[in-house]
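Working notes for the structure below.
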Amino acid sequence: MWTKYKSSGTWYGPVSDCDVLQIRESMVRAKTEKELLRLLLELFKWGDFSQKPLFIELLNHTEDEVVLHLGIRVFCSICTHEDLRDSNNLYFLGCAEAEAVRVFASAAESTLSLEAIPYLLALLEQWDGHADISRALRDSIDAITDCRKVAGDRATIDELGQAYVEYTETLDTQKYYYRTKPAFPGDLTKVLMQRVFMAANQGQSLDMDQISALLSIWSGEKVPGESHTVIHSGNYQHFVAYVQNLAKKPWEKGAKYFYGHQL
């Protein structure tokens with residue numbers, strides 16, 4: 001699971017057959033950090049976030065890079081505005097090495113929260129001399145706020161910070177946003193089906209990692225194809241059925257979800 005799920009273009013797998021009680025009992029017997037993280041993730045999939053403090057403690061104190069990197073992704077998927085406002089929850093960023101910073105930059109957009117920006121700006125100030133990391137951080141900031149339109153491609157950190165402050169003044173900061181719009185699965189399914197229709201007509205692969213991963217993580221139901229899946233008449237209807245099923249659920253625009261559970 002570790003290599004497969006640490007990428008921001010994948011979901012976290014199906015919900016465990018074990019119920020919450022069984023998972024909690026297994027946690028007591030967990031002998032490794034990897035095992036504990038796996039069980040915490042299964043608990044979150046069931047909508048039980050009561051052990052989030054334990055998860056954050058693990059994230060902030062692990063010396064296992066694999067646990068840290070996957071843990072960063074999971075944190076970004078389940079964190080709330082309030083979680084991000086408490087800088088103690090992101091203690092791991094204070095001593096993060098290059099790869100952990102890359103993982104956070106890649107996963108930060110999935111927080112759907114403007115509260116992630118101050119951390120990205122702080123990291124940018126620290127890592128701006130490293131071209132690839134700086135670009136990843138700037139791309140993440142831009143994806144969340146679209147600050148590049150205001151500050152420009154070569155904006156200084158101070159200019160990005162000012163653009164962020166001005167941007168937040170125009171929005172309801174209690175809501176969650178994806179690409180500057182209130183997060184809503186229906187918006188992503190429209191983009192998904194546009195791509196599916198085009199790919200089916202041209203015999204192309206789906207080639208849509210992030211939106212597929214977000215829909216799968218938000219709903220807990222996997223998009224019926226991988227990025228490399230070639231779309232054709234035989235599987236086109238699977239995507240139609242998937243979108244129709246999601247449309248039946250009572251989503252709230254501007255809310256954040258994890259496996260169908262509102263955070």
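Predicted model, so just to flag it, every value in this text is computed and none were measured. Nothing fancy with the numbering, it's 1 onward along the sequence. Hydrogens, waters and symmetry mates are skipped; everything else that's a heavy atom, side chains included, is used.
When the shell of 6.0 Å around CD of Glu125 is examined, it contains 12 or fewer heavy atoms from other residues, nucleotides or ligands. Enclosure of atom CD in Glu25 by more than 12 non-hydrogen atoms of other residues, nucleotides or ligands within 6.0 angstrom is indicated. Other residues, nucleotides and ligands contribute over 12 non-hydrogen atoms within 6.0 Å of the CG atom of Asp172. Within 6.0 Å of atom OH in Tyr91, 12 or fewer heavy atoms from other residues, nucleotides or ligands are found, so the atom counts as exposed in its surroundings.
Using a 30° and 60° split on the angle between ring planes, Phe44 and Phe49 fall in the parallel class, below 30°. The aromatic rings of Phe258 and Tyr12 sit tilted, their planes meeting at an angle between 30° and 60°.
In this structure a side-chain-to-backbone donor-acceptor pair under 3.5 Å is present from Gln22 to Asp19.
Taking a cutoff of 4.0 Å between a charged side-chain nitrogen and a carboxylate oxygen, Asp142 and Arg138 do not qualify as a salt bridge. Comment: Glu226 engages Lys222 in a salt bridge, judged by a side-chain N to carboxylate O separation of less than 4.0 angstrom. A salt bridge links Lys249 and Glu221; the closest N-O separation between the charged side-chain nitrogens and carboxylate oxygens is under 4.0 Å. With respect to the salt-bridge test (charged N to carboxylate O, under 4.0 angstrom), the residues Asp187 and Arg179 do not qualify.
For the pair Leu59 and Leu68, the minimum side-chain heavy-atom distance is below 4.5 Å. Taking 4.5 Å as the limit, some side-chain heavy atom of Pro185 sits within range of a side-chain heavy atom of Leu215. The shortest distance between side-chain heavy atoms of Tyr178 and Ile211 falls below 4.5 Å. Residues Arg73 and Ile217 have side chains in contact (heavy-atom distance under 4.5 Å, counting atoms from C-beta outward). Counting only heavy atoms from C-beta outward, the side chains of Ser216 and Tyr242 approach each other to under 4.5 Å.
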### Task
Show your working on side chain to side chain contact (heavy atoms under 4.5 Å, CB included) between Ile141 and Tyr164 and close with a plain yes or no.
CA-CA 9 Å; Ile141 292 168; Tyr164 160 67; over 6 Å; no
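Judged purely by distance below 3.5 Å, without hydrogens or angles, the side chains of Ser140 and Glu109 never pair a donor atom with an acceptor atom.
A side chain to side chain contact (heavy atoms under 4.5 Å, CB included) with Lys52 holds for exactly one of Thr80, Asn89, Leu40, Leu43; it is Thr80. None of Asn60, Asp83, Leu84, Ile72 except one satisfies the side chain to side chain contact (heavy atoms under 4.5 Å, CB included) rule with Leu90; the exception is Leu84.
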